[in-house]
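In listed order, ligands and their atoms are each counted from 1.
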Amino acid sequence: MSKRKQIDLSIDKIEEQEKYIEAIHRMNEGLFNRTGYRKSYFCTTFGCQMNEHDSEMLINMLEAMGYVQALSEDQADLVIYNTCAVRENAELKVYGNLGHLKSIKKKRPDMKIVVCGCMMQQPHVVEEIKKKYRHVDLIFGTHNLYKFPELLESTFNRDKIIVDVWDVDGEVVEGLKSNRKFEIKAFVNIMYGCNNFCTYCIVPYTRGRERSRKPGDIIDEIRSLVKDGTKEVTLLGQNVNSYGKTLEDDQKISFAQLLREVNKIDGLERIRFMTSHPKDISDDVIYAMRDCDKVCEFLHLPFQAGSTSLLKKMNRHYTKEDYLKIIEKAKREIPNLAFSTDIMIGFPGETDQDVDDTIDICEQVRYDSAFTFIYSKRRGTPAAKMLDQVPDDVKHQRFERVLEVVNRISGEKNANYLGKTLEVLVEGASKKNEAVLTGKSRHNKTVNFTGGDKSMIGKLVQVKITDPKSFSLNGELVK
Ligand code: 5AD
Ligand code: SF4
């Protein structure tokens, strides 16, 4: 298919959906004019920032259809679960919540229940819902999000559950950003899917193969966000460092080049990105981070496990030494760089010595923050079939051991900020105390401060840190 055709196809698809949005909007306005009642939605998101961003788009569509946000799930006319399949806990929660909704829907049969996202890309999940949770109205997956208005409309005159899950590797449908609300910080997808097949991970099966968005589309989207007032973008992908590989030759640029292009956008203040895979982070990316003034001094670089033999079994394609070399280089090139990571405990075959290696990496890198996960068996992945699974009680003991180290170090790193002045992008007022404003530093630290006022929301200000806490920093505005 030629490039031109692909773009037209996407525009056609979006335009088709606009018709459904308008039709539902008319229906909802009619109801409001007759009764004064506005239909409401409640959306719950599980999982990563990709899902958060997908939910933003779903919410934008719902609001364009005339729905307003409900105060609670039980009162909503439409409940959406945007699900995650990465760990079992999140899946169990979705089933639990669906169970809870059964009795509510009995009392209010007009309530619509929608389940979408990564879990739905697994056929056994869809079967389970069809069998045990017949009160669900609509199921769709990760590849046809843009079709939500049409699918929703089709539930209005049908009692039966509607299922529309596409196979992995769908095309990239552009243009969904319309109706986006003003956001100080915005997520921007730069690629979809993952080709890495880490042996524990379900994502390549639920999100499909890696596809990069065209640089022009990404830049246009960011320009339009900035025109509407956005100050910070986070470039999203499962493995942003391999951005560009699927682009055609005349469009091909690397992630480092993309960072340099985004950095040129006038009016944009900050650039972040996630997630990076250690096997693909090039020197060029580190140099681009160093050279681009808008790229924040923050690197999320998951290492998963410290032991080289475990990393091999995970299919990660780097050793402990490779990882530490990247960190060393990044620290050398970018002073004051803050680090975060993902750590997995309890992968099959893990020994106490392997956990020592994990702790050793934590001590050497000194992460500002770390997400620590207990390995969860995922059906269909190679690791689920490995025979040397670690018993639950051992996993939990090791998890506690690592968590203690991670928390100690992040507390120590925060303590270093005492007396320092940081640039903060103000996001809002604190929920507990309106006189306290809150925002993020370039290092991705949450900073709460006094001395400002609400007119500063959306602006960059300087804050002197007076009271560092374990998970945030308190300070005062520098006037
Ligand atoms: N069990 C536990 N954690 C997982 N992750 C991915 N798959 C699993 C799994 N099966 C974690 C990894 C990844 C993060 C997003 O989720 O640490 O980096
Ligand atoms: Fe999963 Fe590995 Fe891909 Fe990350 S890089 S999404 S952990 S398969």
Side-chain angles (χ1 to χ4, degrees), residues 45-53 83-93 117-119 121-122 125 142 168-169 189-212 234 236-243 245-246 255 273-281 299-307 310-318 323 339-350 354-355 358 361-362 367 369-386 389-390 392 394-396 398-399 402-403 406:
T45 310
F46 296 87
C48 64
Q49 258 117 346
M50 293 257 177
N51 260 18
E52 291 284 348
H53 185 38
T83 64
C84 170
V86 170
R87 279 171 293 274
E88 193 184 15
N89 289 359
E91 291 202 344
L92 294 178
K93 228 172 171 177
C118 286
M119 256 174 98
Q121 293 294 140
Q122 307 172 96
V125 170
T142 54
V168 291
D169 302 335
N189 283 325
I190 63 166
M191 60 203 295
Y192 302 91
C194 179
N195 286 352
N196 291 313
F197 290 94
C198 300
T199 52
Y200 50 79
C201 186
I202 195 79
V203 169
Y205 308 90
T206 59
R207 291 261 171 188
R209 291 298 72 70
E210 192 177 290
R211 283 107 55 215
S212 293
T234 302
L236 288 182
Q238 304 295 348
N239 177 12
V240 291
N241 304 108
S242 78
Y243 172 79
K245 286 190 184 150
T246 61
F255 181 59
F273 56 88
M274 69 190 321
T275 286
S276 292
H277 194 306
K279 82 176 165 60
D280 290 313
I281 190 161
L299 180 61
H300 179 67
L301 195 63
F303 73 91
Q304 313 296 358
S307 131
L310 221 51
L311 287 168
K312 190 151 197 267
K313 223 171 142 187
M314 289 177 168
N315 195 30
R316 293 287 292 178
H317 296 281
Y318 54 86
Y323 183 86
F339 291 95
S340 85
T341 195
D342 293 345
I343 302 173
M344 190 183 296
I345 301 296
F347 184 78
E350 181 192 71
D354 292 333
V355 181
T358 292
I361 291 206
C362 294
Y367 295 98
S369 60
F371 300 94
T372 315
F373 304 108
I374 290 183
Y375 166 71
S376 160
K377 230 175 169 179
R378 303 286 63 212
R379 190 161 148 175
T381 60
K385 293 187 211 91
M386 292 177 185
Q389 302 287 329
V390 177
D392 275 353
V394 178
K395 280 188 201 169
H396 282 97
R398 290 177 181 166
F399 179 81
V402 173
L403 198 64
V406 159

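Under 4.0 angstrom from ligand 2, there are no non-hydrogen atoms of E210.
Using a cutoff of 4.0 Å between basic side-chain nitrogens and carboxylate oxygens, E210 and K245 are not scored as salt-bridged. With respect to the salt-bridge test (charged N to carboxylate O, under 4.0 angstrom), the residues E91 and R378 qualify.
Near ligand 1, residues V86, R87, Y200, Q304, D342, M344, F373, I374, Y375, S376, R378 each place a heavy atom inside the 4.0 Å sphere around the ligand atoms.
The distance from the CZ atom of F197 to the CD1 atom of I202 is 10.5 Å, given to the nearest 0.5 Å. Here the CG atom belonging to N315 is positioned 12.0 Å from the CD atom belonging to Q304, to the nearest 0.5 angstrom. Distance check: N89 CG to I374 CD1 gives 8.5 Å after rounding to the nearest 0.5 Å. To the nearest 0.5 Å, the span separating SG on C48 from CZ on F371 amounts to 11.5 Å.
Using cut-offs of 30° and 60° for the angle between ring planes, the Y367 and Y323 rings count as tilted.
Around atom 3 (Fe) of ligand 2, the protein atoms of type N, O or S found under 2.8 Å away are C194 SG, listed by chain and number.
With ring centers used as reference points, F399 lies 6.0 Å or more from F373. The six-membered or imidazole ring of F303 lies away from that of Y318, with a centre-to-centre distance of 6.0 Å or more.
What sits closest to atom 7 (S) of ligand 2 on the protein, heavy atoms only, is Y200 OH, 3.4 Å.
Distances from ligand 2 to the non-hydrogen atoms of R316 include at least one value under 4.0 Å.
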Run the numbers on K279 and N196 for side-chain hydrogen bond (donor to acceptor under 3.5 Å, both in side chains), then give the verdict.
CA-CA 10 Å; K279 82 176 165 60; N196 291 313; 2.9 Å; yes
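A side-chain donor from one of D342 and H300 sits under 3.5 Å from a side-chain acceptor of the other.
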